[in-house]
K.L.:
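There's a structure below that I have some questions on.
Both ligands and their constituent atoms are indexed starting at 1 by order of listing.
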Amino acid sequence: MTERSRRIEGSETETAQLLELGVAAACEAGQFLLASRPADLVIATKSTPTDVVTQMDTAAERLIAARIHAVRPDDAMLGEEGQSASASAGRRVRWIVDPIDGTVNYLYALPQWAVSIAAEVDGVVQVGVVFDASKDELFTAVRDQGAWRNGQPILVSACTELSQALVGTGFGYDAARRARQAEVVAGAIAFVRDIRRMGAASLDLCALACGRLDAYFERGLNLWDHAAAGLIAEEAGARVEGLDGSPPSGDFLVAATPAVFGPLHDLLAQLGADRD
Ligand code: LIP
């Protein structure tokens, strides 16, 4: 075996291990969150009085970190709750973790939340795992290899017309930003089939990946909200970008079927959707 093929073989082996570990950690955390949800959630707040974190968020993030570092102790980790933060400098692999994406839904016992885990290698997300414990749906993707729901390949819908597109979106925790985001929705809603606000970016992007939505956009996401599901949507055939060719980020994320992407992008740009 040549050195190059050894390197390729090595990366495929590493990617397979990252996927297997990410799936194990996400499923273990999701089952814990579902089975052990206490009646009395202890609630703290973060950026605003409605940006909540519970003891289950932090416990799930600690469980995920322990599961991953038991196998790969030298990997870096970026988690929403900071329970497992470790410097990335000099480390090839970084795990990007949202222990509960859709925290408010989890708080209200609404079955629309997920565990989101992405594995980034040399700065590029190679593996994405999103586990919806309430519906027992495991979404996975490996860069350049495809996307799956419960092991079955998934693809975006065949929607080609913006006026026929079912579009997901979300709102921030800051009231002024929410008011601005509502203005954008008001400006867009007459040009699309309808709007859905379901409360978890990772599941919105997975819905796009399997044809339950035709597009999704949001301003103000964190990397852990979309790192895994953004790869899943891309590998299912969606375009996932920021505005004007920029990468998806907290400034803006717009994702859609290839034919819908351009018209939706231009409409949102015209509405100033990337500005507060
Ligand atoms: C949520 C996002 C959602 C957004 C919510 C919240 P969290 O993430 O997934 O798209 O609209 O405001 O930010 O806070 O539940 O991890």
K.L.:
Out of D101, D225, T103, who gets a non-hydrogen atom closest to atom 9 (O) of ligand 1?
P.N.:
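Checking each option, the heavy atom nearest atom 9 (O) of ligand 1 is found in D101.
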
K.L.:
Using a 4.0 Å heavy-atom cut-off, say whether Y106 meets ligand 1 through its side chain, its backbone, both or neither.
P.N.:
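Y106 to ligand 1: no contact under 4.0 Å from either part.
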
K.L.:
Go through ligand 1 atom by atom and flag the ones less than 4.0 Å from a non-hydrogen atom of R197.
P.N.:
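Taking each heavy atom of R197 in turn, ligand 1 has 4 (C), 5 (C), 11 (O), 12 (O) under 4.0 Å.
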
K.L.:
Looking only at distance, does F171 have an N or O less than 3.5 Å from an N or O of ligand 1?
P.N.:
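Yes, there is a polar N/O contact under 3.5 Å.
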
K.L.:
Relative to the heavy atoms of I100, which atoms of ligand 1 are at a distance of less than 4.0 Å?
P.N.:
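Those qualifying, in numeric order: 16 (O).
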
K.L.:
Considering the heavy atoms of D98, write down every atom of ligand 1 situated less than 4.0 Å from one of them.
P.N.:
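Selected atoms, number and element: 16 (O).
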
K.L.:
What do we get for V104 next to ligand 1 when only non-hydrogen atoms under 4.0 Å count, side chain, backbone, both or neither?
P.N.:
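For V104, there is no contact with ligand 1 at all, from either part.
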
K.L.:
Nearest protein heavy atom to atom 14 (O) of ligand 1, by residue and atom, and its distance?
P.N.:
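Heavy-atom neighbour on the protein nearest atom 14 (O) of ligand 1: Y173 OH, 2.6 Å.
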
K.L.:
At less than 4.0 angstrom from any non-hydrogen atom of E80, what atoms of ligand 1 do you find?
P.N.:
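So the answer, numbered in order with elements, is 14 (O), 16 (O).
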
K.L.:
Find out whether the Lys NZ or Arg CZ of R37 is both under 6.0 angstrom from the six-membered ring centre of Y106 and within 45° of the ring's axis.
P.N.:
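Positive - R37 is close enough to the ring of Y106 and near enough to its axis.
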
K.L.:
Output the list of atoms in ligand 1 that are nearer than 4.0 Å to some heavy atom of G170, sorted by atom number.
P.N.:
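Ligand 1 atoms under the 4.0 Å threshold to G170: 11 (O).
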
K.L.:
Which atoms of ligand 1 are found less than 4.0 Å from any heavy atom of L221?
P.N.:
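What qualifies from ligand 1 is 10 (O).
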
K.L.:
Going by the closest heavy atom to atom 4 (C) of ligand 1, which one wins out of R178, E218, R177?
P.N.:
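It is E218 that holds the nearest heavy atom.
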
K.L.:
Under 4.0 Å from a heavy atom of A201: give me the atoms of ligand 1 that qualify, with their elements.
P.N.:
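Checking each atom against A201, I get 2 (C), 3 (C), 9 (O), 10 (O).
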
K.L.:
With heavy-atom distances below 4.0 Å as the criterion, list the atoms of ligand 1 near Y216.
P.N.:
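The list of qualifying atoms is 10 (O).
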
K.L.:
Out of D75, V125, L78, which residue meets the side chain to side chain contact (heavy atoms under 4.5 Å, CB included) rule with R94?
P.N.:
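Of D75, V125, L78, side chain to side chain contact (heavy atoms under 4.5 Å, CB included) with R94 is met by L78 alone.
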
K.L.:
Tell me the closest heavy-atom pair linking P99 and E81, and the distance in Å.
P.N.:
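In terms of heavy atoms, the two residues are closest at CG-CG, 4.0 Å.
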
K.L.:
Looking only at non-hydrogen atoms, find the nearest pair between L213 and V167 and report the distance.
P.N.:
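The answer is CD2-C, 4.3 Å.
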
